Amino acid sequence: MELTKRYQPADVEAKNYRFWEEGDFFRASVGVVRKVPFSIVIPPPNVTGRLHMGHALNNTLQDVVIRYHRMLGDEACWFPGTDHAGIATQNVVEKDLARQGTTRHELGRDAFVARVWDWKAKYGSEIIDQLKALGCSCDWSRLRFTLDEGLSKAVRHVFVRLYEDGLVYRGEYLVNWCPRCRTALSDLEVDHQDEDGALYFLRYPLEKGGHLTIATTRPETMLGDTAIAVHPGDERHNGLIGSYAILPILGRRLPIVGSEAVDPEFGTGTLKVTPGHDPVDFEIGRKEGLESINILNGDGTLNAAAGPFQGMEREAARKAVLERLQADGALERIEPYRHSVGHCERCDAVVEPLLSTQWFARMKPLADKAIAAVKDGRIQFVPERWTKLYFDWLENIRDWCISRQLWWGHRIPVWYGPDGREFVAETEAEASVRADEHYGRSVELRQDEDVLDTWFSSWLWPFSVMGWPEETDDLKAFFPTSFLLTGFDILFFWVSRMVMASLYFTGEVPFRTVYITPLFVDERGQKMSKSKGNSVDPIDLIGEYGADALRLAMARTTGKGRTVRMPWGDLTEGRNFLNKIWNMARFILMHLGDERPELPCEVTRFEDRYILRRLSETTEIVRKNLEEYSFHLAVEALYAFTWHDVCDWYVEMAKPRLAAGDDKVRGLLCHLLREMTKLLHPFVPFITEEIWQALGEDPRSVCVAEYPCARPQNPDPGDAWAMSMFQGMTGGLRSVRAEWNVPASVELRAIVKADPEGALRPVLERLRECSGMTGPVRMETSSDAQAPKGSARVVLHDLEMYVPLAGVIDLDAEKTRIQKELAAVNAELARAEAKLGNEQFLARAPEDVVEKERAKREELRKKQDRLEANLRSLGG
RNA sequence: GGGCGAGUAGCUCAGCUGGGAGAGCAUCCGGCUUACAUCCGGAAGGUCGCAGGUUCGAGUCCUGUCUUGCCCACCA
């Protein structure tokens with residue numbers, strides 16, 4: 001197979017993904033006894049969504065993990081799927097309807113839901129294709145959707161079970177209400193933002209004369225006031241408890257009550273109590289048995305309870321109420337005030353606390369088990385710090401409002417009889433049978449209009465995708481899953497709830513390890529989002545840099561903190577690295593021709609042994625970091641080994657041998673290429689597949705090849721020494737050339753002061769052989785060499801070299817250079833000697849550290865001697 | 001009001017359980033050396049936010065502090 005000069009990702013990616021799909025390499029089997037199961041469920045992306053950077057990150061990392069385990073020989077299964085994303089998807093389709101000049105209400109429920117299904121049919125595969133473009137090796141035969149029949153059944157089953165266990169209930173409570181979406185929201189779906197507002201001081205006349213001044217940020221809610229509260233310990237006002245005030249405008253009689261909830265320091269120390277529109281007031285109202293008045297309609301306009309303001313929008317009503325109060329002399333003053341305002345997570349509308357009848361799930365009993373599972377180590381968070389947040393949330397958990405006044409989602413499996421009695425069942429037929437039994441006759445049932453919160457299906461995902469509540473083979477083989485990876489933004493929404501659901505319904509943890517990724521932010525540290533216009537489309541990045549380059553950049557974000565900025569530099573670097581890999585492969589394959597030589601059994605050259613040892617070390621580092629999910633460290637190790645050890649040094653050293661037809665070096669290069677291709681594969685699957693196929697030794701895919709194991713090499717310290725001498729001398733000669741502008745074509749004379757027959761011999765041989773790395777050099781070696789006049793000096797701790805450059809070299813400059821080097825050595829030596837002169841250090845530091853320090857001192861002393869001698873001979 | 005993260009070379013960031021400060025980009029100099037100019041070689045660049053403390057030894061651990069970002073919380 002011919003490889004192009006440059007790596008061209010687009011063709012390679014499309015071709016190889018097709019190859020994998022046709023080969024069915026990602027499909028997992030059940031009942032393979034000898035294999036260890038390893039499973040991951042994907043955090044299901046919104047079915048009509050598009051891939052964003054968070055997805056790119058999450059799915060890259062999941063794919064690295066699953067590919068690694070597949071290559072380890074595990075029965076690796078990555079369960080893919082999509083989420084119906086109730087409110088998000090409904091909003092998208094509603095926006096589309098708005099463009100067409102209609103609304104869902106005009107369409108009606110059934111027609112609207114049909115429209116959403118159409119939408120899903122049209123756009124639902126886009127995100128899947130995008131995951132494929134990223135290289136994700138999901139088992140597509142197991143693709144699921146949260147509204148699939150099987151998963152819907154799980155949802156109904158769970159609802160009924162919770163109902164029967166007394167853990168779901170229906171009731172009228174104050175909930176977060178989005179007037180734009182016209183639905184209730186859970187606490188988690190409300191985003192709080194600090195905004196500039198005002199504190200309005202209103203005068204409420206007292207029945208017995210005089211008045212009270214009360215501060216509020218939402219003056220229009222006064223229409224729903226049913227009391228006034230003061231702190232019982234507040235001497236200014238506590239005499240009023242038990243008396244009455246009169247509500248301005250409406251003239252309602254308001255009892256004045258005492259409540260610990262009132263902060264005497266705030267405002268005037270008096271609180272208007274609006275149980276229908278404020279959570280604190282709602283609690284006071286319950287305690288005091290106050291009436292709750294709802295002044296709002298579902299769409300945010302004011303209702304009949306608002307009297308003269310009926311029909312107005314919220315903002316207009318606020319203005320109108322203030323004007324009226326002003327006119328009545330009841331508006332004392334206005335102060336600017338910054339406070340937190342709740343917004344709908346999905347449409348950004350200001351959320352209103354609203355009294356309404358909803359379904360709730362009691363979470364406390366489930367939360368206790370979920371806390372225990374992490375406390376006793378059955379589930380582990382990576383990074384570990386997230387456990388604290390997990391505990392904090394679960395320990396303070398509140399009931400979950402699970403009903404939504406939407407049309408897109410799982411309809412609540414509750415049917416009402418003619419008298420409003422609830423029949424909770426998994427199917428209408430079942431409910432009907434029970435209803436008929438109850439009434440003793442055939443009755444008409446009406447199903448609850450609401451649907452369930454979209455997370456009510458997501459929290460079952462790890463087992464519902466495997467067919468639960470049926471006892472399926474997949475469940476037996478792959479549940480609990482091995483690993484979950486997601487961003488911290490859905491730690492509460494999803495992760496905690498999955499743990500709760502799984503423990504409650506299956507008795508098992510849903511996963512053993514949870515890896516929490518950072519979140520992408522823009523240059524200014526702002527969260528990336530489409531609405532802010534600061535998001536980056538990963539598909540564009542794939543087009544520009546290639547999927548493998550994007551994956552490398554993603555893998556390298558993992559060392560960071562809670563947030564990461566767009567890694568533009570890593571993308572370029574990744575693309576360059578791939579080109580490097582590509583050309584290395586091209587070079588090696590070119591020299592292999594049609595042969596695929598094996599690794600020679602006997603390896604005598606130091607650079608061969610050295611590179612094999614480095615390969616082994618690198619393999620070990622990569623495996624270790626993959627086990628620990630330190631993806632960035634694995635990539636760094638691969639990068640350094642490939643680029644520096646192999647390409648910069650080993651391949652360069654191999655060139656003269658290749659020219660001379662040395663078969664051993666070809667065997668070694670072939671081995672290196674084979675091993676590196678496998679090592680790199682989980683991170684950069686496309687390019688490695690292409691190289692694997694070009695190698696052509698295994699007709700199957702590299703994705704099912706065996707992941708390399710570190711082969712312990714005989715640690716011959718002589719190899720490392722020889723290599724460092726070689727690198728030092730090569731570097732020294734290159735420096736001399738650069739420093740004195742000696743063109744690469746001009747031959748240098750190098751006089752090496754060393755025993756030509758000693759340990760340095762192979763190094764000198766190699767240096768002669770590899771003149772391509774330094775430019776032409778005529779080398780002379782003797783133990784008692786003297787520096788000719790006008791020589792540049794290369795000083796290493798175990799040898800020195802003189803490069804005669806009379807007429808070219810500026811001796812003062814060379815002297816300065818040596819002096820600078822000497823100063824650095826002296827400083828280091830002083831530190832080492834101070835350490836070794838410190839008895840405490842000798843007594844307390846571990847032996848190997850002391851030994852290392854001694855060796856270092858010896859090296860530095862040798863180098864110091866040589867530098868000083870050279871300086872003297874330079875006339876310093 | 002709590003909690004968490006980040007502050008290391010001009011920039012973006014590595015630096016695991018404490019033991020000789022690193023990479024890439026950018027800068028400067030020199031190279032189209034037939035794998036690669038998405039390249040090769042050379043150089044320059046840092047009191048590791050600040051102040052204490054523990055330790056023979058701190059970028060790494062502890063305390064405090066500053067800057068910055070985020071999350072949670074019923075302050076009208």
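Numbers restart at 1 for each chain; the letters A, B, ... are given by sequence-line order, proteins then strands. Since the structure is predicted, the reported quantities are computational estimates derived from the model, not experimental observations.
Put simply, A:R398 has a side-chain N or O that comes within less than 4.0 Å of OP1 or OP2 on B:C74. Side-chain N/O atoms of A:R6 include one lying less than 4.0 angstrom from OP1 or OP2 on B:U38. Remark: A:R565 is in phosphate contact with B:C13, judged by side-chain N or O atoms under 4.0 Å from OP1 or OP2. For A:H192 and B:C71, the shortest distance from a side-chain N or O to OP1 or OP2 is not below 4.0 Å. Contact check, A:K388 against B:C71: no side-chain N or O comes under 4.0 Å of OP1 or OP2. One finds no side-chain N or O of A:K863 lying less than 4.0 angstrom from the OP1 or OP2 phosphate oxygen of B:G20. Considering only side-chain N and O atoms, A:Y337 lies under 4.0 angstrom from the phosphate OP1 or OP2 of B:A76.
Using the Watson-Crick or G-U wobble rule with both distances under 3.5 Å, B:U67 pairs with B:A6. Nucleotide B:A35 forms a pair with no other nucleotide shown, judged by Watson-Crick or G-U wobble geometry with both contacts under 3.5 Å. Across all strands shown, B:C61 forms a Watson-Crick or G-U wobble pair, both distances under 3.5 Å, with B:G53. Using Watson-Crick or G-U wobble geometry with both donor-acceptor distances under 3.5 Å, B:C13 finds its partner in B:G22.
Because its NZ or CZ atom is both nearer than 6.0 Å to the ring centre of A:F201 and within 45° of the ring axis, A:R333 counts as a cation-pi partner of that residue.
Within the nucleic acid shown, A:H591 has no heavy atom closer than 4.0 Å to any nucleic acid atom.
In A:E384, the CD atom is not crowded: 12 or fewer heavy atoms of neighbouring residues, nucleotides or ligands sit closer than 6.0 Å.
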